[in-house]
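Written below as structure tokens is the structure these notes are about.
Counting convention: from 1, in listed order, for ligands and their atoms alike. Just so it is clear, the values below take in all heavy atoms, side chains as well, and ignore hydrogens, waters and symmetry mates.
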Amino acid sequence: MMKMSKAQRAQGMTTTHNFSAGPATLPKAVLEQAQAEMLSWNDTGCSVMELSHRGEKFRALLSETEDLLRQLMDIPANYQVLFIPGSARLQFSGLPMNLLVENPRANYLVSGYWSKLAYREATKYGQITQVASSADDHFMSVPEPETWQLDEQAEYFYYTPNETLQGVSCPFVPDVSMPLIADMTSCILSKQIDVREFGVIFAAAQKNLGQAGVTVVIIRDDLIQAPMPQTPAMMDFRRYRDSKSLCCTPPTYALYIMNLTLRYWAGQGGVLQIEALNQQKSQLLYQFIDQSDFYYNRVAPRYRSASNVTFNLPKADLEAVFLSKAQEQGLLGLKGHSAVGGLRASIYNAMPLSGVEHLIGFMQIFQKAYS
Ligand SMILES: *Cc1c(COP(=O)(O)O)cnc(C)c1O
């Protein structure tokens, strides 16, 4: 049982805030709408998950979802938006299989856990250059361009703007003379970007776009070509383009949740509003950590992530106590990834400012009790 304040008991509930890195918290309004529509969606008498993906109503939902994403990100007409079933990691293979056909060479910037895995996977499919790596710095920074060793003949340049485990983000968009591929799983829609600077942007849905099960691939038209011959048919980007992402049964409920999530953000004023809120949340938390002589963050300010705030306690053996006390207060999902350790507050788009304030309030009390 979680402890409740008097006010919470009076309301009959505990305010919980979920800081999980992914799957992650969703806007409450989205969950409430999904709940209200569970038994009959859009006057069909059925749940959306029971309807044919080829029916008119589902097709309309899918095409509206694409339109919403296009509006929110200002995606130009010469980019395709593909909804591909499965994880972001599936695209660690899907991208090289589709792009490294005639010229199997690519550049990878290794700045953390996810870009390292993407790099390793890509080496199965071509001659891959690790442009630079911040492994020696325990991935607490991003290698700056003057240290890069680029393959100038490569087909693309791959990087991960936000490294979710380390809480490190790339403070610049790489300025390279080849198509740029960005894994935006943990930062899509978190701030304004210019899609024209990228060849491919991809993101699994479970951090900022909705629930797990689907990955969005935004790809410039001319980069879609016949993939390597051994590519599974359901990994061939042309099929998703030509069928409007209906070449197989898509994860319909995940797309429905994405639709509700995008509608919600469009109604809140779009990416500019989200970005302002994200800045406010992350500044508040980093300022609190920096002024404290108890908590600390290892990432230099230039590279700090606005989405994933990693922090440590003066003694690692206090972590378990911190996590259990936090949970009693309704603060969930604060454990760092096992590959990195420490603590981590993921404060994606759907985390309200009140969640960060709740967390800081708890951290102050914990610090008093244990310093
Ligand atoms: C979470 C995450 C992934 C992994 O997503 P899956 O859908 O589990 O494959 C990949 N890249 C980044 C940047 C992530 O944050």
Side-chain angles (χ1 to χ4, degrees), residues 18-26 82-97 108-122 124 133-135 139-143 156-171 173-174 180-191 193 198 200-219 232 234-235 250-251 253-255 257-258 261 278 282 299 303-310 333-340 342 344-351:
N18 174 16
F19 294 89
S20 165
T25 201
L26 285 163
L82 314 176
F83 298 103
I84 304 189
S87 64
R89 288 181 67 170
L90 200 56
Q91 298 312 322
F92 292 1
S93 340
L95 287 159
M97 292 184 107
Y108 276 68
L109 181 64
V110 174
S111 59
Y113 183 87
W114 291 118
S115 49
K116 188 173 156 191
L117 284 186
Y119 163 71
R120 276 210 207 128
E121 181 65 16
K124 292 182 188 168
S133 165
S134 47
F139 296 127
M140 289 292 115
S141 61
V142 178
Y156 63 74
F157 181 102
Y158 181 105
Y159 83 121
T160 304
N162 187 72
E163 283 285 2
T164 321
L165 269 67
Q166 281 82 12
V168 163
S169 88
C170 187
V173 175
L180 199 54
I181 299 188
D183 173 1
M184 294 202 187
T185 297
S186 54
C187 59
I188 192 163
L189 292 182
S190 68
K191 63 173 190 181
I193 57 157
F198 300 87
V200 183
I201 292 168
F202 72 104
Q206 68 270 20
K207 283 149 193 174
N208 270 335
L209 297 175
Q211 68 163 71
V214 65
T215 292
V216 172
V217 176
I218 301 162
I219 178 166
M234 288 301 103
M235 188 71 97
Y253 200 77
L255 289 163
I257 294 292
M258 188 186 297
T261 305
N278 285 342
S282 59
V299 183
Y303 305 108
R304 283 178 177 175
S305 166
S307 319
N308 310 95
V309 178
T310 48
L334 289 162
K335 193 171 171 27
H337 191 281
S338 55
V340 178
R344 172 177 53 174
S346 295
I347 50 173
Y348 298 121
N349 297 348
M351 175 59 65

Worksheet item: Do the side-chain N and O atoms of Thr310 and Gln166 include a donor-acceptor pair separated by under 3.5 angstrom?
Response: no

Discussion item. Testing the 3.5 Å rule here: is there a donor-acceptor pair between the side chains of Ser305 and Asn162?
Written reply: yes

Extract all N/O-N/O pairs under 3.5 Å that connect ligand 1 to the protein, and present each with both atom names and the distance rounded to 0.1 Å.
residue, atom, partner, partner atom, Å
ligand 1, 7 (O), Ala88, N, 2.9
ligand 1, 7 (O), Gln206, NE2, 2.9
ligand 1, 9 (O), Ala88, N, 3.2
ligand 1, 9 (O), Arg89, N, 2.8
ligand 1, 11 (N), Asp183, OD2, 2.6
ligand 1, 15 (O), Thr164, OG1, 2.4
ligand 1, 15 (O), Lys207, NZ, 2.7

Worksheet item: What pairs with Tyr159 under side chain to side chain donor-acceptor pair (under 3.5 Å), at least two apart in sequence or on another chain?
Response: none

Discussion item. Would you say Ser93 and Glu121 are linked by a side-chain donor-acceptor pair, where the criterion is simply a distance under 3.5 Å?
Written reply: yes

Worksheet item: Between Leu165, Thr164, Val299, which is the residue that forms a side chain to side chain contact (heavy atoms under 4.5 Å, CB included) with Asn308?
Response: Thr164

Fill in: Nearest-0.5 Å distance, CE of residue Met184 to OG of residue Ser186
10.5 Å

